[in-house]
Protein chains: 2
Amino acid sequence: MIGDMPKRDPLTRDRVLRGAVTLADARGIAALTIRSLADGLGVKPMAVYHHVASKEEILDGIVDLVFGEIGAGIEPPAPADGWRDQVRRRAASARDVLRRHPWAVPLLESRTAPGAATLRHHDTTLAVLRRAGFPVALAANAYALLDSYVYGFVIQEAALPSDDPGGATADIMGSFRPDEYPHLVEMAVEHIMKPGYTFGAGFHFGLDLILDGLEQALKRVAPP
Amino acid sequence: MIGDMPKRDPLTRDRVLRGAVTLADARGIAALTIRSLADGLGVKPMAVYHHVASKEEILDGIVDLVFGEIGAGIEPPAPADGWRDQVRRRAASARDVLRRHPWAVPLLESRTAPGAATLRHHDTTLAVLRRAGFPVALAANAYALLDSYVYGFVIQEAALPSDDPGGATADIMGSFRPDEYPHLVEMAVEHIMKPGYTFGAGFHFGLDLILDGLEQALKRVAPP
DNA sequence: ACCTGAACACCGTTCAAGT
DNA sequence: ACCTGAACACCGTTCAAGT
């Protein structure tokens, strides 16, 4: 051969998964195909199969990568913080992360087994609740509630026409015949179209309401 | 021709969509292809395109069909009922319906415009809140919270290994190394593996907690 | 008006082969 | 050990054709 090509660093399972996340973020989960992924990695499609067994394994892998991001940017859990602050920070981090990867929550439905980062995330959150005095059964209910809220909120955010501050949503809703959907029209005109409205701002309303309710439930089973 | 074949009733948009729901329920959303759908309808693939413009339109259509089921089996809204009962019944109905069609919530992320049944469902729920005295902004927050909870809970239920009463989930979680995920193991052993446990039973804990919180929020803005 | 056959540009994946 | 080419059984969809 003529000269030494700058040897491209070899493909790894990690590079495959990170490439998949980048592609899904940029062009949507439907555009994530083995062929386009290989293209992005500068490699032929079949090279991918040397590092993952199947596309299913890629989907499992990128979901776990995303869960690994949750709590990464959070200041270390100052032990003086109450459980409320810790849970709120983690829930807010989960929502931030999942909103950046809007394809992740829908994928949960079809995943078989959660990955290591996902399990660690769940374990960490449960730890906060248990240490705060939540009995096991209440901690289970609390955690299912918190996760449901975060997942569901993210799904709704992802389903919005765009991330614009209500503009498109309001235009659509405001164009309905008022006699057909009177309350949707009212909501569009009197709320969503107001300057400064964002759907996302409602996240903290629900989160704080849930935390208040959990605090009361905890006091009921374990009076201070 | 030899004789009159019993003329198969002609394909319609409605039969296409109902066939798609049946197929997705039975074999999963991934198995819903134009070809298998046509097979189930006793027709060639291309016949489907005479009644819907694209597969995307089918997905939009079946999501709206599902939302049309919500509230269908509910007793008429006895005007004497409080908003709490009405909202609780509708949320429970939504969860029942969405659980029977576990592919529906994940589809929400990629839908562009909601259908007529979906809009009617939203309008009806908002009506209950507004009539109960929720100001527009509070009604918006309340509704986002309720929907998030229902969607997220359904996603988690769908992601469970099966609908069995914790068996498979507990087996998996109980098999972790206790030093790696101590709280997950504790939860499996002391809670999920107990006889009579079901994840779904937690739905009413969260729903009632949310309704309590909304009741307090309503009292705060509009004292009785 | 409604359905079909053949074709096109895609998929994920297998297998045998290259270095 | 790692990558590739050719092939297979699928996709959604177009187009021209049948009744």
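Hydrogens, waters and symmetry mates play no part in the numbers below; they use all other heavy atoms, side chains included. Sequence lines set the chain letters: A, B, ... in the order given, protein chains first and strands last, and positions in each chain run from 1.
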### Closest nucleotide among dG12(C), dG12(D), dT4(D) to the Y49(B) side chain
dG12(D)

#### Entry: Proximity to the side chain of R35(A) - top-ranked nucleotide from dG12(C), dT4(C), dG12(D)
dG12(C)

### Stem list, DNA chain D (Watson-Crick or G-U pairing under 3.5 Å, at least 3 consecutive pairs)
C:4-8 with D:12-16, C:12-16 with D:4-8

### Query
So is R95(A) actually on top of F153(A)'s ring, under 6.0 Å and inside 45° of the axis?
no

### Summary
K44(A) atom NZ is separated from dA6(D) atom P, nearest whole Å, by 10 Å

#### Entry: R18(B) atom CZ, over 12 foreign heavy atoms within 6.0 Å
no

### Summary
CG (L160(A)) and OG1 (T198(A)) are apart, to the nearest 0.5 Å, by 10.0 Å

### Query
Once you round it to whole Å, what is the distance between P of dT4(D) and CG of L41(A)?
11 Å

### Query
When you measure from every atom of DNA chain C, which of residues 50-66 of chain A have a heavy atom less than 4.0 Å away?
S54(A), K55(A)

### Query
If only atom types and distance count, is the side chain of S36(B) paired as donor or acceptor with the main-chain N or O of L32(B) below 3.5 Å?
no

### Message
Looking at R88(B) and D208(B), is there a salt bridge between them, counting it only when a charged N and a carboxylate O are closer than 4.0 Å?
### Response
yes

### Task
Quick one: pull up CD1 in I155(A) and OH in Y151(B) and give me the separation to the nearest 0.5 Å.
9.5 Å

## Note on the structure
Assert: residue with more 5' nearest nucleotide on DNA chain D, out of A47(A) and P45(B), is A47(A)

#### Entry: Rounded distance (Å) that lies between atom P of dT4(D) and atom CG of D39(A)
11 Å

### Query
Mind checking whether F203(B) and Y149(B) have parallel, tilted or perpendicular rings, split at 30° and 60°?
parallel

### Message
Rounding to an integer number of Å, can you tell me how far L37(A) CG sits from dT13(C) P?
### Response
12 Å

### Task
Compare the minimum distances between each of dC11(C), dG5(D), dA7(C) and the side chain of T33(A), then state the nucleotide with the smallest one.
dC11(C)

### Task
Output the single nucleotide from dG5(C), dT13(C), dC3(D) whose closest atom is nearest the side chain of M46(A).
dT13(C)

### Task
Taking the six-membered ring for Trp and the single ring otherwise, decide whether the centroids of F134(B) and Y143(B) are under 6.0 Å apart.
no

### Task
Evaluate the side-chain proximity of L17(A) to D64(A): yes if any heavy-atom separation is below 4.5 Å, no if none is.
no

#### Entry: Closest listed nucleotide, where the reference is the side chain of L11(A) and the choices are dT13(D), dC3(D), dC11(C)
dC3(D)

